[in-house]
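Fair warning: this is a prediction, and the values are worked out from it, not measured in the lab. In what follows, residues are counted from 1 in the order of the sequence shown.
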Amino acid sequence: MRFFIKLLIGAIAGILLLPYIVIPKLSMPEGCDLESPYFSHSDADLLIDRTYRDITTGQNILDHEILDAMIDEIQSAETFLIVDFFLWNKWQGRFAKNKNNVQELRSLADLLADAIIEKRQQNPEIPILLITDPINRLYGNNDPELFQSFNDLGIPVVYTDLSNLPDSNKLYSKQVRFWSKFYDLSSNSNRFRIFPNLVESKAERLSFSQFFKALHLKANHRKVLIAGYRNSPSKMIIGSFNPSDASSFNSNLAVSVAGPLADYVARSEMKIAQWSALKPENLLGKRFELEDAFRRLNEALLPQNHFNQYASRKTGVRFISEGSTNQVLLDLFNNSDKGTEIDIAMFYFSDRKMIKALKSAAKRGVKIRLILDQNKNAFGFKKIGVPNRSVADELMQLDEVDSIQIHWASAKTGGQFHSKAIRVFDDKQDILFLGSSNLTHRSINNFNLEANVMFNEVVTVNNEFDLYFESVWENSLGFEETVEYKALKNPKWMQYIRLCFYRIQEWSQLSTY
């Protein structure tokens, strides 16, 4: 009897382990994991979204620039338009249950969509390519009305094929990839809708298929808009902004830059659209419309083999995406020394290698300041502060505590401090890194699609960021944008609970960040 029990246990263990043996590790597809040379540029500007809470009126003040700059770029585009956003929807999250919050929300999704629709109506011949993440149709097959309006005008919408990306949820994804060869999980996609819809409280519940796809925990997290011109360089806006209505209260950073880099990134976006659209279900629109857009985009962009002639040696702006971000940032932190100053504005900070590198830098005498989101608000829902509260506690326990200072972004607006920016300055370098990547394992290790730029010795943009960071740090506008690390209540028992959640999530990668 014992023999048969052991045999049964061995068989079950073998079956469970089989997917991890036979399913290969995926590599990043074409157009991803890029680290461009530095390029010259003709124009560069920092774009800032700041949200304040007016305590006298109880209202939020939205001092936002990014969407307006994007709409201006859409209106002025002449030869092409490429748009890629992670969240692009009308969802209101938990805000929908509060009439005051709903009234304050901006219709970000419609405002951007209307500008694109107007551009197509004014210029029917301009090639327009839209790329997005399948979260915007909740991993199902029902295209949002927003995207249907693009389809009606012959504008192709490509949902990123996330199955081509490496598995961030290794415990789950390899099992699904293996067993889906024998059973199609999408066959009952509209049945058994029992899972709550956390992003849109008024929408129907999620099906098994939608929920199981979401558990792969990977995304096209890019936020990019590129416009082409006849007699001047292409222009790109890249940063942390999402045109999602529930993101209305978020503070964000972006940069607009004109020059060869915009064409370089456009070719990356085209590659993503090409391999994603190989599956018919990822394309909303007619195949010939997409192929025609590819053909005309290829004619409008700089040829792939021409980029080297625009490269500069060590100054200018470069594109860094996906896993290439990891080594670039580690090199910045590890090569810093006494006299180096590092300022970080970050929505999520959890990656262990980055934490270790910052702690080592602090021990060498590097002056480090961080403005972190409290991880308390998420589209009207409340969170417990993971991972940032635990990471901040760890950093502030260093003996070299004077080398690290942390301020929390105010949570009174109900929005998120959604910026992702790093500034490194000393007598050898003058760096600003900015884009969509959080300092998390998933963002900087070839799991999500991410898009970032890095400036070196670009005085205008770097100085604009310095002024912004100092203003937020000091609350110089008269509003409470940040508070000191010690200002938040931090009982030991809560620290322990947060730390347990953080360590388990960081080890397993079973988290939304």
Sequence neighbours excluded, the answer for ring pair (Phe, Tyr, Trp, His ring centres under 6.0 Å) partners of F211 is F195

[X] side chain to [Y] side chain, donor-acceptor N/O pair below 3.5 angstrom:
X	Y	value
Q304	Y264	no
Q327	D331	yes
Y159	N136	no
S476	S471	yes
D161	S276	no
N252	S419	no
Q122	E118	yes
N169	S173	no
S76	Y229	yes

Any pair with a residue in residues 270-292 that passes ring pair (Phe, Tyr, Trp, His ring centres under 6.0 Å), sequence neighbours left out, goes on the list, sorted by first then second residue, please.
-> none

Salt bridge [X]-[Y], side-chain N to carboxylate O under 4.0 Å:
X	Y	value
R287	D292	no
R177	D167	yes
R50	D63	no
E291	R295	no
K90	D245	no
E506	R442	no
D466	R423	yes

For K428, look at atom NZ and say whether over 12 heavy atoms of other residues, nucleotides or ligands are found less than 6.0 Å away.
-> no

Can you tell me if CD on Q309 sees more than 12 non-hydrogen neighbours from other groups inside 6.0 Å?
-> yes

For residues 69-84, which residue pairs qualify under salt bridge (charged side-chain N to carboxylate O under 4.0 Å, His left out), counting only residues two or more places apart or in two chains?
-> E73-K235

All pairs passing salt bridge (charged side-chain N to carboxylate O under 4.0 Å, His left out) where residues 264-276 contributes a residue, at least two apart = E30-K271, R222-E269

In this structure, which one of N438, T440, N375, L370 forms a side-chain contact (heavy atoms from CB on, under 4.5 Å) with F349?
-> L370

Take the angle between the ring planes of [X] and [Y] and call it parallel below 30°, perpendicular above 60°, tilted in between.
X	Y	value
H418	F347	tilted
F147	W88	perpendicular
F455	H41	perpendicular

Assert yes or no for the condition that the ring centre distance of H441 to Y513 is strictly below 6.0 Å.
-> no

Results of side chain to side chain donor-acceptor pair (under 3.5 Å) for T340 - residues two or more places apart only | D426

Those residues at least two apart in sequence (or on a different chain) that pass side chain to side chain donor-acceptor pair (under 3.5 Å) with N282 are none

